[in-house]
Amino acid sequence: MFSCGTKKNSARDKTRTPTPLDSHSPVTPSSLRRNLFNDNEIPNRPHTGTPAPWTPRLSVLARVPQVNKNGKEDHTNPIKPVFVSEFPQIVYDEQATSPHKRVIFEDCGGCGGIDKSTSLAWIICGSKVFVWSYLSPASSMNCIVLEIPLNDVDVGNYDAGSWLVSVVNCDSSSFGTNKVAKHVAVVLCNRKTRAIVYWPDIYSQSSNAPVTSLASFDELEAVGEKTPFKRQTRQSKQATDLNGLNVFNSVIASAVPSYTFACVALACSSSGELWLFECSPTGIRRRKVYENIVNFLHEGGDLGNLVSNKGYPRSLTWRFPHHSTKESNRQFLVLTDCEIQCFKVEFTSGILVSRLWSQEIVGTDAELGIKKDLAGQKGIWPLDVQVDDHGKVITILVATFCKDRISSSSYMQYSLLTMQYKSGLDVESTNDRILEKKVPIEVIIPKARVEDGDFLYSMRLRIGGKPSGSKVIISGDGTATVSHYHRNATRLYQFDLPYDAGKVLDASVLPSADDYEEGAWVVLTEKAGIWVIPEKAVVLGGVEPPERSLSRKGSSNERSAQEEIRNLTFTGNFAPRRASSEAWGTGDRQRAALSGITRRTAQDEESEALLNHFFNEFLSSGQVNGSLEKLETSGSFERDGETNVFMRMSKSIIDTLAKHWTTTRGAEILSMAVVSTHLVEKQQKHQKFLHFLALSKCHEELCSRQRHALQIILEHGEKLSAMIQLRELQNLISQNRSASVGSSNSNVDIQMSGALWDMIQLVGDRARRNTVLLMDRDNAEVFYSKVSDLENFFYCLDAELEYVIGPEHPFATRVQRACELSNACVSIIRTCFDYKNENRLWYPPPEGLTPWYCQPVVRKGIWSVGSVLLQLLNDTSGLDKTAKLELYSHLEALAEVLLEAYSGAVTAKIEREEEHKGLLNEYWERRDALLESLYQQVKEFEATYKDSVEGAEELNEEATMKITSHLLSIAKRHGCYQVMWTICCDVNDSELLRNVMHESLGPTGGYSYYVFQKLHESKQFSELLRLGEEFPEELSIFLKEHPDLLWLHDLFLHHFSSASETLHMLALTQNMQSSEEEEQVDMKLKLTDRKSLLYLSKIAAFAAGKDAGTQVKVDRIEADLKILKLQEEVMKCLTSHEDKQLVDDQLLHPEDLIKLCLEGEEPELLLWAFDVFAWTSSSFRKTHWKLLEDCWKKAASQDDWSKFHDAYTVEGWSDEETLQNLKNTVLFQASSRCYAPQSETFEEGFDQVLPLRQDNMETSTLGDMSSSVETILMQHKDFPIAGKLMLMAVMLGSEHSGDDRIEGGPSPME
């Protein structure tokens, strides 16, 4: 990697004979392109590179991966890199014709790179910069060519390797996502001459003109460059420029928020200067913001011997890679010889740059970073710095020059220093140490060959790829090394293509299909295109660090490649020692791709091979002799689901890649019948696989033991049929478009247009990112090949729909594209329904199994399209009647399949007894939204038809009725009662309503209950009861919750006793404050209404016949009638009380009525309180005995008993006078109403709760002094004086029969 390899014995001019691998398609890279870089054109270039110590050295052509027949990667060499794509053809053409093509290979420094945020690759050839998206397939790769605006005399002085390139993502919507950036700027900075070239927007025709800025003579003279345009020899140039104080070492750039096509670039030079360049389409303003950001005069004197200041500051990087356009500033880090410095750029009108903090990483404190002054240390070089995507972890590549004190030999040690921000610190307001070590220093190579400064400064660091925590180190001589902490030790994997591939220019991270996941490492080579290092290759192919250099030069004590490979693999499988959690290294979580490797045992491999053998034998001979027994013995039926061997076999059939498809034909291949033919061949083979399962009795075994696996196998058939139908739909769309545009457009152009084509591209691109082996395939080819991943089509519908149907499209185009995608969704799901109906006997029992089209990802995708259709349908300003009808039909079909998917998902959850309330609510909400919107459109159609001429009106009504009938059938299947009711009401067809009610019965009344409820809300009681005669069971369920009609129904059925009870209960029901939904259901009864209901209840009770319980019911009704009448009288007396705001229709509880009487001052109110007690029940009196005591206490206080006693004593009342005077007291009257023989009391009398005299109680029923009327009176203040008169009043009242004479017995005073 760092130095030129040794010359091979083979002749340099010998033409390489193509290997047999070269004849197979795809031939990537092509031999013709590789011949452009024949070794004869470059003196002293060996035919192949020096072999890496642990991998065989093959030519790059022989190492291009070949896809086997089943479309799987070749497991015989799991540690090889994977070829992704070639350079665009225009790059090869320029390299072949440019007179400076040799310069780009030999210059120190890179001439190409990859930008992680935009997934753009770039390469400089001569005076041109080529920029393209390496994720695009070869057939659709669009390469942007940027001309460096220099004249021919200056070209030789602007060598490609002297440029620093910064690609700027100006599209804020794509920050931190996998979305393609639509606005990208490019900044070029020449390291030697400090020239700046700026392209504001490389994708724009109007804003693509370059803006240049050359350094002034004074600026160059100040840094010692006085002859910037003089061609120097390569040796002197490397010696003076690259390590001199005048060159720029690093450049970064950022878009300026709120300014269109404006960027800010920052560059640091080896002289310690920090320069700022304000770039805009009108010009570039350059200024030096810091004179010296490196302290050359270190205290102590010894640090200068350990750290070389020459060439620093070394690297610039943004603290947060993803910048929000709402932020007014941005921070960046500077790596110097001994510290990290943090600066802030204020995006104001003046673009201010200020230093926030700095922290030493090379010093005497080992906790800070790298400890100096250790024995044997001769020099420390921080080489590069990188920050993770979250801006929290900083990784620094460090080289240390050491000397062994025993052997006196010198060596280099390479390490990775990982720092993180301390929690709870404000980096803008603290002077404390900002960073701390996250993990101990990771030594990559403990002892390596000593390298010079040029080599060290050429090294670059990249972080963020798979496996999690791995890093890539790139050096200027053309190699890349992946460092991965694995099994408690650092392991290295070297990407080292032979010399006919050129150098490694850069490395980055392949964007994952899921934004939250990391991607595999992607490598840009000089002549061999772009390659990917799979995660599996790093984990399985990494070796422990030998004593060697990171360059191409090997070391004598390294082990052979074969020895390393033998330690990695064994026959037919991977090493068992890797099937453990340690295989995940320092990753935060396990990876699904590698988990599949570790779970596959030798038994799995044997079962799969055995099944493959039996199936191939069946294909050739049609025999299945003994297959079941042998497969069962091998354990083929022990795994269920996606790990089942039969499921994997089915998946390999439907996912087979076509070998005859190539990477360069693109959409042209899709215009041929080869796609449909290949899909049909897959379908035929899959059908034969099902026949094999049936004939071998494996189907029965799977049906009884592995239902889930059998379900997936049959779903593969569904998806295959759906993919064939989708292909036919694509052909139909292309034919229709061809007919509409005529012959002006080519067939390929027609194929590569439309919403379905765009969605196919997105799905194929996602599959290519998930499987790096498919990166060199076309998006459409991958889509039509990876049939088992059809769910990704719906995933992209949900995640990427705004890019297919965007607001920038005209309204008519959005309608067309939405209908096209809707048609695709409906075709897929309906094809699956048809396949399932045709092959229903093959399917296992469905209980608890969720079909693939009922999964959340599918439902979300369909709903996303449905939401767009709803929005377009509501915005009908740009639609005519025909277009509106077409949009309606698409939405109706889409709603039908979506609701079927929800229904299947809910059913499966119920069968598995899982929580389904949330899913059910979502189902109901989307069902109502879709169907109600559809019917609203139907009514608008009908309103439009009324304006039609009379002759066409009948036809229009017939068409409307047809649409309505279909919508009604959908609503019936999914229980959308609101739409069903609205349709029946608008049609005004009672026969239709009855038919729908018969067809929509349910355990709780079904649709009939909903109809009864609607009739009840509209107070159509007679219609409700007449309709209920046809649905007696449903009506009885409804009337149980509506007693206001239940008694009528009972009377109709001659259930008089039940009617009486219902009327009695209804009369005493409180008027509740009903909710909004029940507002029409509750009845508000006045007291007169309640009395009427009680009279009706009494009549119904008599009509039921006389029995033992009839009189009790009648007595209770009469008692309640008396209480109601009493309440009326009480309300009349209280009308003058301002503090009582009671209305005449409020039914008071007996307790409240008694309390209300106690609050009054009139004696009659108090006596009514005793009447209420008498007319309630014995249980009420026992429960409210405390309230009864209060009534007696107040009754005793109504008269002046001391005055009574004085008059009785002074006047000497006779018995008659005493009786007459006491009869007027409240105590006498209360006692007469409660205890007299003629008193009316419901159930047991008062004496069972509160007797008159204490001595009449054998035991105290209440357990305290208040257990009789006598004890209550004893608490009165006048009882000591007039107690005998008080007791006389209650005793005379209890014996009072209505006349003025006391019948027999002694005198009351006795």
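Reckoned from all heavy atoms, side chains included, excluding hydrogens, waters and symmetry mates. Each residue takes its place number in the sequence, starting with 1.
From Q730, atom CD reaches atom CE of M723 across 12.0 Å, with rounding to the nearest 0.5 Å. Interatomic distance, E728 CD to I733 CD1, rounded to the nearest 0.5 Å: 12.0 Å. Distance check, rounded to the nearest 0.5 Å: OG of S867 to CG of L801 gives 9.0 Å. A distance of 8.0 Å separates OG of S676 from OH of Y784, quoted to the nearest 0.5 Å. Taken to the nearest 0.5 Å, the OG atom of S969 stands 7.5 Å off from the CG atom of L967. From F261, atom CZ reaches atom OG of S204 across 5.0 Å, with rounding to the nearest 0.5 Å.
The closest side-chain heavy-atom distance from L899 to L931 is below 4.5 Å. Put simply, the side chain of Y935 reaches to within 4.5 Å of the side chain of K939, judged on heavy atoms. The side-chain heavy atoms of H716 and V787, taken from C-beta on, include no pair separated by under 4.5 Å. Inter-residue side-chain proximity for I828 and L726 is flagged as met; some heavy-atom pair is nearer than 4.5 Å. Annotation: side chain of I862 is in contact with side chain of I829 (closest heavy-atom distance under 4.5 Å). For the pair F320 and R330, the minimum side-chain heavy-atom distance is 4.5 Å or more. Contact of the L891 side chain with the L930 side chain is registered, since non-hydrogen atoms from C-beta on lie closer than 4.5 Å. In this structure the side chain of P88 never reaches within 4.5 angstrom of the side chain of F130, judged on heavy atoms.
A donor-acceptor contact shorter than 3.5 Å links the side chain of E820 to the backbone of A755. Counting only distance, with no hydrogens or angles, the side chain of K682 and the backbone of I654 share a donor-acceptor pair below 3.5 Å. In this structure, the side chain of H966 does not engage the main chain of I963 through any donor-acceptor pair within 3.5 Å. Listed for the S822 side chain is no donor-acceptor partner under 3.5 Å among the backbone atoms of A818. Panel note: side chain R830, backbone V897; no donor-acceptor pair is recorded below 3.5 Å. Using modelled atom types, one side-chain atom of T907 and one backbone atom of S903 make a donor-acceptor pair closer than 3.5 Å. Counting only distance, with no hydrogens or angles, the side chain of K719 and the backbone of E791 share no donor-acceptor pair below 3.5 Å. Between the side chain of R859 and the backbone N or O of C854 there is at least one donor-acceptor pair closer than 3.5 Å.
A824 and L729 get closest at one heavy-atom pair: CA-CD2, 3.6 Å. Taking every heavy atom of both residues into account, L869 and C819 meet most closely at CD2-N, 4.3 Å. Between V168 and A253, the closest heavy-atom pair is CG2-CB, 3.5 Å. Between V858 and F794, the shortest heavy-atom distance links the atoms CA-CB, 3.7 Å. Considering every non-hydrogen atom in both E715 and W852, the closest pair reads OE2-N, 2.9 Å. Of all the heavy atoms in S827 and N823, the pair that sits closest is OG-O, 2.7 Å.
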L872 vs R814, test: side chain to side chain contact (heavy atoms under 4.5 Å, CB included). Steps then yes/no.
CA-CA 8 Å; L872 295 174; R814 278 185 285 156; 4.3 Å; yes

Assess the residue pair M759 and F793 against the criterion (side chain to side chain contact (heavy atoms under 4.5 Å, CB included)); give the C-alpha distance rounded to whole Å, side-chain angles, the decisive distance to 0.1 Å, and a yes or no.
CA-CA 7 Å; M759 189 56 60; F793 181 82; 3.6 Å; yes

Verdict with supporting geometry, D758 and R817, side chain to side chain contact (heavy atoms under 4.5 Å, CB included)
CA-CA 10 Å; D758 293 343; R817 295 173 76 86; 2.3 Å; yes

Begin with the C-alpha distance, continue with both residues' side-chain angles, and end with the deciding distance and a verdict on side chain to side chain contact (heavy atoms under 4.5 Å, CB included) for C170 and D201.
CA-CA 8 Å; C170 301; D201 189 354; over 6 Å; no

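Around the NZ atom of K860, the shell of radius 6.0 Å holds no more than 12 heavy atoms that belong to other residues, nucleotides or ligands.
Residues Y853 and F833 place their aromatic rings such that the two centres sit under 6.0 Å apart.
For N792, the side chain to side chain donor-acceptor pair (under 3.5 Å) partners at least two apart in sequence or on another chain are R766. Qualifying side chain to side chain contact (heavy atoms under 4.5 Å, CB included) partners for Q978, counting only residues two or more places apart in sequence or in other chains: E932, T982, Y1010, K1014. Partners of Y259 according to the ring pair (Phe, Tyr, Trp, His ring centres under 6.0 Å) rule, which considers only residues two or more places apart in sequence or in another chain, do not exist here.
Under 3.5 Å, the side chains of S788 and D655 contain a donor-acceptor pair of N or O atoms. Using modelled atom types, one finds a donor on one side chain and an acceptor on the other under 3.5 Å when comparing Q683 with S721. No side-chain N or O of R927 forms a donor-acceptor pair with one of Y902 less than 3.5 Å apart.
Between R769 and D765 a salt bridge is recorded (basic side-chain N to carboxylate O distance below 4.0 Å).
Evaluated for a side-chain contact (heavy atoms from CB on, under 4.5 Å) with W199, the options V131, L146, V187 yield exactly one hit, L146.
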